[in-house]
Number of protein chains: 2
Amino acid sequence: MTAYTPGQAAEETGFSLDTLRYYERIGLLEPIERNAVGQRRFSDDDIGWLGMIRCLRDTGMPIAEMLRFAELTREGAHTIRDRIALLEAHDRAVENQIAALRQKQGAIQRKIRYYRDVLAIPDALYACEGERASAS
Amino acid sequence: MTAYTPGQAAEETGFSLDTLRYYERIGLLEPIERNAVGQRRFSDDDIGWLGMIRCLRDTGMPIAEMLRFAELTREGAHTIRDRIALLEAHDRAVENQIAALRQKQGAIQRKIRYYRDVLAIPDALYACEGERASAS
DNA sequence: GTGGCACCTGGAGCGTGCTCCAGGTCAAGC
DNA sequence: GCTTGACCTGGAGCACGCTCCAGGTGCCAC
């Protein structure tokens, strides 16, 4: 079982040192092991947990909900159903997020096409025309 | 050409009254027309522009960049190439965002499957096993 | 003429999620 | 023995994007 210095943990997980400390402070990480002089030593488990945290963060889960998940995890195996429920809800949220992005992206692409068309026709035709409309 | 009261504009665009005023203040909207007593009357063009703004916001464009886009738009037709470039860059950003979401979503779904498996096997087997690993 | 309502302004405040800072400890290298 | 560098703590500060507030105007209905 490897032990990671804070610097290595930051490197490994992509979180900053400050963020790692912050996450421990708010209880998103349980207290990290310390060496003889009080410096943190992250375990493989910590790094794995941080990987999960990164997934949830990067998919837009608010910290409050990750805290809830962390609590459930700390409470032990009898909360597994709750954790599944939480993750499934989040999975659906991510799905909706993606669908919404795709839809808005379509509108943006239409706008790009509109601009291209404007460039393709002679100046006179688009001079004063209400080009700000469209989209949504 | 319809004129929308602030309330109607809010209704129509999904932005709050405060947000509409805020957007005007910071120059994301050009100054909105006023009626005789100084109340705003949004035009169809304003509503269309707000639709565009909503697209960009909802796909994660920061306000500073929307301001840049608004400026280009105000500067007239000769900035259309720049606007295309800006929107194309954003389109790619959205694409990357979606790809990243899909990838993280995969990890979350694997975690869900993992939990399901844990539920499916007899208690003894998962009692003290490092279940916090995986993900990323 | 009194309420109630929709709106106005400038400016303060807020929630989220970090990020930075001052002042300190230890270990290693020169 | 001194510097450098990685780390420590508690607490303040910050960027972003709104959101709220106090105090006021004008219009309409009763």
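Just so we're on the same page: letters track the sequence lines, and every chain starts at 1. These values consider heavy atoms only, across backbone and side chains, with no hydrogens, waters or symmetry-generated copies. None of the values given here were measured: they were computed from a predicted structure.
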Do any N or O atoms of the protein come closer than 3.5 Å to N or O atoms of nucleotides 11-13 of chain C, and which pairs are they?
{"from": "dG11(C)", "atom 1": "N7", "to": "R25(B)", "atom 2": "NH1", "distance (Å)": "3.2"}
{"from": "dG11(C)", "atom 1": "O6", "to": "R25(B)", "atom 2": "NH2", "distance (Å)": "3.3"}

Report task. Can you tell me the distance, in whole Å, between the CZ atom of R54(A) and the P atom of dG17(C)? Result -> 14 Å

Query - Protein-nucleotide distance (I26(A), atom CD1; dT16(C), atom C1'), rounded to Å - result: 11 Å

Query - Salt bridge R102(A)-E95(B), side-chain N to carboxylate O under 4.0 Å - result: yes

Strictly under 3.5 Å: I want the nitrogen or oxygen pairs between protein and nucleotides 7-9 of chain C, one per line.
{"from": "dC7(C)", "atom 1": "OP1", "to": "T5(B)", "atom 2": "OG1", "distance (Å)": "3.4"}
{"from": "dC7(C)", "atom 1": "OP1", "to": "G7(B)", "atom 2": "N", "distance (Å)": "3.0"}
{"from": "dC8(C)", "atom 1": "OP1", "to": "R40(B)", "atom 2": "N", "distance (Å)": "2.9"}
{"from": "dC8(C)", "atom 1": "OP1", "to": "R40(B)", "atom 2": "NH1", "distance (Å)": "2.7"}
{"from": "dC8(C)", "atom 1": "OP2", "to": "R21(B)", "atom 2": "NH1", "distance (Å)": "2.7"}
{"from": "dC8(C)", "atom 1": "OP2", "to": "R40(B)", "atom 2": "NH1", "distance (Å)": "3.3"}
{"from": "dC8(C)", "atom 1": "O3'", "to": "R34(B)", "atom 2": "NH1", "distance (Å)": "3.4"}
{"from": "dT9(C)", "atom 1": "OP1", "to": "R34(B)", "atom 2": "NH1", "distance (Å)": "3.2"}
{"from": "dT9(C)", "atom 1": "OP1", "to": "R34(B)", "atom 2": "NH2", "distance (Å)": "3.1"}
{"from": "dT9(C)", "atom 1": "OP2", "to": "R40(B)", "atom 2": "NH1", "distance (Å)": "3.1"}
{"from": "dT9(C)", "atom 1": "OP2", "to": "R40(B)", "atom 2": "NH2", "distance (Å)": "2.8"}

Requested in this report: Examine I84(B) and I53(B) and state if one hydrophobic cluster contains both, with Ile, Leu, Val, Met, Phe, Trp and Tyr joined whenever side-chain heavy atoms are less than 4.5 Å apart.
Outcome: yes

Query raised in the report: So what does F15(A) touch, heavy atoms closer than 4.0 Å: a base, only the sugar-phosphate, or nothing?
Result: nothing

Query raised in the report: When hydrophobic residues are tied together by side-chain contacts of less than 4.5 Å, even through go-betweens, does L17(A) share a cluster with L50(A)?
Result: no

Requested in this report: Could you tell me the separation between the CZ atom of R57(A) and the P atom of dT16(C), rounded to a whole number of Å?
Outcome: 11 Å

Requested in this report: Taking S16(A) for its side chain and T19(A) for its backbone only, find out whether a donor-acceptor pair lies under 3.5 Å.
Outcome: yes

Requested in this report: Give the rounded distance in Å between these two atoms: CG of L67(A) and C1' of dG15(C).
Outcome: 15 Å

Requested in this report: Please check if the side chain of E24(B) supplies one atom and the backbone of I32(B) the other of a donor-acceptor pair under 3.5 Å.
Outcome: yes

Requested in this report: Using atom OH of Y22(B) as one end and atom C1' of dC14(C) as the other, report the distance to the nearest whole Å.
Outcome: 13 Å

Requested in this report: Quick one: closest heavy-atom pair of T79(A) and T73(A), and the distance?
Outcome: OG1-N, 4.3 Å

Query raised in the report: Rounded to whole angstrom units, what separation is found between the CG atom of D58(A) and the P atom of dG17(C)?
Result: 13 Å

Query raised in the report: Rounded to the nearest Å, what distance is computed from the CG atom of residue N35(B) to the C1' atom of nucleotide dC27(D)?
Result: 11 Å

Report task. Examine dC18(C): is either OP1 or OP2 under 4.0 Å from a nitrogen or oxygen in the side chain of Y23(A)? Give yes or no. Result -> yes

Query raised in the report: How close or far is atom P of dA6(C) from atom CD of E11(B), stated in whole angstroms?
Result: 12 Å

Requested in this report: For residues C55(A) and Q105(B), determine if any side-chain heavy atom of one lies less than 4.5 Å from a side-chain heavy atom of the other.
Outcome: no

Query raised in the report: Okay, side chain of D117(A), backbone of Y114(A): is any donor-acceptor separation there less than 3.5 Å?
Result: no

Query - Residue that, paired with W49(B), satisfies ring-ring contact (aromatic ring centres under 6.0 Å, His included) out of F69(B), F15(B), Y23(B) - result: F69(B)

